[in-house]
Amino acid sequence: MGRLKGARTVNIRLATLADLNTVTEIVQQTIREQYPHYYPAGAVALFLEGHSAVHIGADVEKNIVWLAEDDTGAPVGTITIDGNHLTRLYVLPSAQGRGYGGAMLDFAEAQVAKNHDTAVLETTPLGRLIYRKRGYVETDYHLMWAENGDLLAYDDMEKVLRHG
């Protein structure tokens, strides 16, 4: 259980197959509502395909997907932690700006730090600014072609969690 701004708390727990639809909806809804403001249609389609129920379900079966719930038990976000690789950090648009994303990142970094010196992730140029503020640095840059000749740019980033 983590503390957020004000008196609210967040509960972050391992997702089960019973949570698959909930996790998928958090991811897909966030992509559908927000990404079209920042990315071309082909890139949005690529995100939706890459974060389908099939892909999320495979990660749930590996016990690497986490579900965040607010203090009423309502789902608000999700993150996947695969070794030291953080991915699929999404907060429902209606729950953004309340500290859930930061709480999930704090949780994920603490989990990773138990066995690894660094956390790594991929992020789009928009997310890069958020992660820089959290101590991540760019380690590589990628361009990927999507539908309609649209281009998706993303960075690899890394953060030192402990000095080995």
Side-chain angles (χ1 to χ4, degrees), residues 1-6 8-82 85-109 111-112 119-134 136 142 144-157:
M1 187 88 57
R3 281 250 172 252
L4 300 174
K5 300 171 189 170
R8 293 189 321 268
T9 58
V10 62
N11 180 46
I12 302 171
R13 64 173 177 81
L14 199 58
T16 67
L17 284 176
D19 300 311
L20 179 58
N21 288 340
T22 299
V23 172
T24 301
E25 182 55 28
I26 289 168
V27 173
Q28 295 271 317
Q29 180 182 345
T30 304
I31 292 170
R32 284 190 314 268
E33 287 185 24
Q34 295 196 314
Y35 283 32
H37 298 291
Y38 305 102
Y39 305 108
V44 173
L46 194 62
F47 277 112
L48 289 168
E49 178 184 321
H51 296 298
S52 68
V54 170
H55 293 117
I56 294 170
D59 286 345
V60 168
E61 288 179 339
K62 291 192 284 187
N63 293 316
I64 61 173
V65 178
W66 298 81
L67 181 63
E69 299 168 329
D70 68 14
D71 52 5
T72 70
V76 293
T78 185
I79 189 166
T80 300
I81 308 168
D82 189 1
H85 184 225
L86 308 180
T87 187
R88 206 181 290 124
L89 171 56
Y90 287 95
V91 176
L92 284 169
S94 61
Q96 291 178 7
R98 298 184 200 163
Y100 294 117
M104 286 190 296
L105 195 53
D106 289 343
F107 171 84
E109 290 172 353
Q111 295 298 308
V112 169
V120 297
L121 53 82
E122 293 91 34
T123 187
T124 58
L126 185 62
R128 179 188 325 136
L129 301 174
I130 295 167
Y131 291 114
R132 275 186 189 159
K133 290 179 183 178
R134 296 282 309 224
Y136 287 81
H142 305 275
M144 180 185 292
W145 292 103
E147 292 178 12
N148 307 321
D150 291 336
L151 195 59
L152 172 62
Y154 67 96
D155 296 314
D156 294 336
M157 297 187 82

### Query
For the atom pair CG (D71) and CG (N11), what is the distance rounded to the nearest 0.5 Å?
10.5 Å
### Query
Is the shortest heavy-atom distance from the side chain of E109 to the side chain of R134 under 4.5 Å?
yes
### Query
Would you say V44 and D150 make side-chain contact, with heavy atoms under 4.5 Å?
no
### Task
May I ask you to test the L152-F47 pair for a side-chain heavy-atom distance under 4.5 Å?
yes
### L20 side chain reached by I56 side chain, heavy atoms, under 4.5 Å
yes
### Query
Once you round to the nearest 0.5 Å, how far does OG1 of T78 lie from CG of L92?
10.0 Å
### Query
If you look at every heavy atom in V60 and A15, which pair is closest and at what distance?
CG1-O, 3.8 Å
### Query
Would one find more than 12 heavy atoms of other residues, nucleotides or ligands at under 6.0 Å from atom CG of L151?
yes
### Query
Should the heavy atoms of other residues, nucleotides or ligands under 6.0 Å from CD of E49 be counted, would the total exceed 12?
no
#### Entry: Pairwise distance OH(Y90) to CD(Q28) - rounded to 0.5 angstrom
9.0 Å
### Message
Show the nearest heavy-atom pair for residues L67 and G77, with the distance to one decimal.
### Response
CD1-O, 3.4 Å
### Task
Using atom types as modelled and distance alone, determine if a side-chain donor or acceptor of D155 lies under 3.5 Å from a backbone N or O of M157.
no
### Query
Within a strict 4.5 Å, meaning less than it, do heavy atoms of the N148 and P40 side chains meet?
no
### Task
Would you indicate whether the side-chain heavy atoms of E61 and L17 approach each other to under 4.5 Å?
yes
### Task
Measure across E33 and P36 and return the closest heavy-atom pair with its distance rounded to 0.1 Å.
C-CD, 4.1 Å
### 4.5 Å side-chain heavy-atom contact, M104 and V91
yes
### Task
Considering non-hydrogen atoms only, spot the tightest contact between V112 and L86 and give its length.
CG2-CD2, 3.7 Å
### Query
Got a second to check how far Y100's OH is from I12's CD1, nearest 0.5 Å?
11.0 Å
### Task
Identify the heavy atoms of Q96 and T30 that sit nearest to each other, and give their distance.
NE2-CG2, 4.0 Å
### Message
Within this structure, what is the NE2-CG distance for the pair H142 and D156, rounded to the nearest 0.5 Å?
### Response
3.5 Å
### Message
Before you tell me yes or no, could you show the steps for R88 and V65 under side-chain contact (heavy atoms from CB on, under 4.5 Å), namely the whole-Å CA-CA distance, both residues' side-chain angles and the distance that decides it to 0.1 Å?
### Response
CA-CA 9 Å; R88 206 181 290 124; V65 178; 4.1 Å; yes
## Note on the structure
Rounded to the nearest 0.5 angstrom, the OG1-CG distance for T87 and D82 is 9.0 Å
### Message
Between the side chains of R13 and D19, is the shortest nitrogen-to-carboxylate-oxygen separation below 4.0 Å, so that they form an ion pair?
### Response
yes
### Query
Where do H51 and D59 land on the side-chain contact (heavy atoms from CB on, under 4.5 Å) test, with the steps shown first?
CA-CA 11 Å; H51 296 298; D59 286 345; over 6 Å; no
### Where A153 and P125 come nearest, the two heavy atoms and their spacing
O-CD, 3.2 Å
### Task
For side-chain contact (heavy atoms from CB on, under 4.5 Å), just list the numbers for Y154 and T123, CA-CA rounded to whole Å, side-chain angles, deciding distance to a tenth of an Å, and then say yes or no.
CA-CA 5 Å; Y154 67 96; T123 187; over 6 Å; no
### Message
Does anything in residues 55-80 form a ring-ring contact (aromatic ring centres under 6.0 Å, His included)? List the pairs, not counting sequence neighbours.
### Response
W66-F107
